[in-house]
Amino acid sequence: YINGPVVNLQSQFNCDTPMTYYFNGNIKNAERFYWDFGDGSVDSVISNPVHTYSSTGDYMVVLRAFNDTIGCSFFDTSFVYVRNVNSIFTADITEICPGQSVLFNGSLSQDEAYFITDHAGLYLWNFGDSTKYRPQYTYDTITSVNISHIFKKRGTYLTSMMVQGVNGCIDFMYKTIKVYQPEVNFTADQPVGCAPLNVQFTDQTVSDTLISTWFWTLGNGVTSTIQNPNNTYTETANFPVSLTVTDTLGCSKTRTKPSY
């Protein structure tokens, strides 16, 4: 017959409060016991204590049990891996034109670990533009915390980065990237007429940003940089007219109407 106390140390935690661990000693036949949480804290009162760690790290927890009547003791140990996973990334620019790239950096993240799935990297990115990576995801590794992505079309994109800790806890960070481009349109008060024909052109461009320049090519060798130009056509022909609009971010777009 084997005398003495017996313990079976078990621990649990919640990803919402990752610094707090819930311990169960499963203590039997003990007259006294002693917890050592590995961070300098001890407890000899509560058999199933709750302990909050002040910093992340790997801690060896020891539970010792004693039965002084029979002179026996028993101990059990377990490692806990305390992590506070935090996804943090930066983007070098958040307001761009179509075709421009954004450089993302996830190196400020905390307590991230490699994904154990086929995404063999530290960071899982979603650029919000339906780009087919894995799918819509791409990854980088510890040797390259920067990743560049080109946004091809006008719009607002919610980008995100997910990190995962060794305990399986995950965290997301989100950042909005805005891609600007003027939607160019224009009208002419007299699209058809007899020569000489005086035509007033009116810019009807829609833009989320301020427009800085207009450049008209009026088809008969005349160009203009005013918003709403006037031009006289003295020859009989079809004249293609184009307007290029550029906003204050340097984003531009051209529209051509083939016959005026």
Side-chain angles (χ1 to χ4, degrees), residues 12-21 52-59 79-184 206-210 212 245-254:
Q12 293 181 327
F13 76 100
N14 190 309
C15 288
D16 293 332
T17 54
M19 305 297 287
T20 299
Y21 273 70
T52 300
Y53 290 88
S54 60
S55 59
T56 61
D58 301 340
Y59 300 97
F79 276 94
V80 295
Y81 304 95
V82 181
R83 300 290 189 272
N84 188 14
V85 180
N86 195 2
S87 174
I88 304 173
F89 72 91
T90 60
D92 65 338
I93 188 170
T94 58
E95 295 182 337
I96 60 171
C97 306
Q100 229 177 314
S101 64
V102 177
L103 184 64
F104 297 93
N105 186 306
S107 63
L108 296 177
S109 297
Q110 299 172 359
D111 290 339
E112 67 270 31
Y114 280 99
F115 287 96
I116 60 175
T117 65
D118 60 340
H119 302 288
L122 287 173
Y123 314 109
L124 194 58
W125 300 92
N126 185 343
F127 298 114
D129 60 358
S130 298
T131 303
K132 299 299 181 182
Y133 284 107
R134 272 184 176 261
Q136 299 186 28
Y137 288 100
T138 188
Y139 63 92
D140 73 356
T141 67
I142 195 169
T143 58
S144 176
V145 296
N146 295 323
I147 188 166
S148 182
H149 183 71
I150 296 174
F151 293 86
K152 298 179 180 180
K153 296 181 180 180
R154 176 179 182 265
T156 300
Y157 301 95
L158 184 63
T159 63
S160 67
M161 185 187 75
M162 185 179 81
V163 295
Q164 178 177 270
V166 294
N167 292 323
C169 299
I170 62 173
D171 189 47
F172 287 88
M173 181 180 177
Y174 299 89
K175 194 178 290 290
T176 298
I177 304 298
K178 292 187 176 181
V179 183
Y180 293 101
Q181 188 177 49
E183 291 297 317
V184 180
V206 177
S207 178
D208 295 326
T209 55
L210 294 176
S212 59
V245 175
T246 304
D247 67 11
T248 53
L249 293 176
C251 307
S252 64
K253 189 173 184 180
T254 300

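Quick note: numbers below take in every heavy atom, side chains included, and nothing from hydrogens, waters or symmetry partners. For the single chain, residues carry numbers from 1 onward in sequence order.
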Can you name the closest pair of heavy atoms from [X] and [Y] and give their distance?
| X | Y | result |
| --- | --- | --- |
| V82 | S55 | CG1-O, 4.1 Å |
| F151 | F127 | CE2-O, 3.5 Å |
| I88 | L108 | CD1-O, 3.5 Å |
| I93 | S101 | CG2-O, 4.2 Å |
| C97 | G250 | SG-C, 3.8 Å |
| Q181 | C251 | CA-CB, 4.3 Å |

* Answer yes or no: is there an ion pair linking D208 with K178, defined by an N-O contact shorter than 4.0 Å? =>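 Not counted as a salt bridge, because no side-chain N and carboxylate O are separated by less than 4.0 Å.
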* Going through the distances and angles, do I177 and F104 end up as a side-chain contact (heavy atoms from CB on, under 4.5 Å)? -> CA-CA 11 Å; I177 304 298; F104 297 93; 4.3 Å; yes
Under 4.5 Å between any side-chain heavy atoms of [X] and [Y], yes or no?
| X | Y | value |
| --- | --- | --- |
| T176 | Y174 | no |
| M19 | T56 | yes |
| R154 | K253 | no |
| Y53 | V80 | yes |
| D129 | K153 | no |
| F89 | W125 | yes |
| T159 | H149 | no |

* Spacing of N86 atom CG and D171 atom CG [to the nearest 0.5 Å] ->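 If I round to the nearest 0.5 Å, the distance is 5.5 Å.
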* Asked: How many angstroms lie between NZ in K175 and CG in L158, if you round to the nearest 0.5 Å?
  ->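 Going from NZ on K175 over to CG on L158, the span is 11.0 Å.
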Verify, without hydrogens or angle tests, whether [X] (side chain) and [Y] (backbone) share a donor-acceptor contact under 3.5 angstrom.
| X | Y | value |
| --- | --- | --- |
| E112 | G165 | no |
| N14 | D16 | yes |
| S212 | T246 | yes |

* Regarding S109 and S87, is there a side-chain donor-to-acceptor distance under 3.5 Å anywhere? ->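 Side chains of S109 and S87: no pair found under 3.5 Å.
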* Asked: Does atom CD of Q12 have more than 12 heavy-atom neighbours from other groups under 6.0 Å away?
  ->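 No, CD of Q12 has 12 or fewer neighbouring heavy atoms, counting only those of other groups under 6.0 Å.
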* For Y21, which of F13, Y59, F79, Y81 qualifies under ring pair (Phe, Tyr, Trp, His ring centres under 6.0 Å)? ->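 Of all the options given, the one that passes is F13.
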* Taking ring pair (Phe, Tyr, Trp, His ring centres under 6.0 Å) as the test, write out the residues that go with Y180, two or more places apart. =>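 Here no residue qualifies.
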* Asked: Restricting to pairs with a member in residues 82-111, which pass salt bridge (Lys or Arg N to Asp or Glu O under 4.0 Å), not counting sequence neighbours?
  ->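 Every salt bridge (Lys or Arg N to Asp or Glu O under 4.0 Å) pair that includes a residue of residues 82-111, provided the two are not neighbours, is D58-R83.
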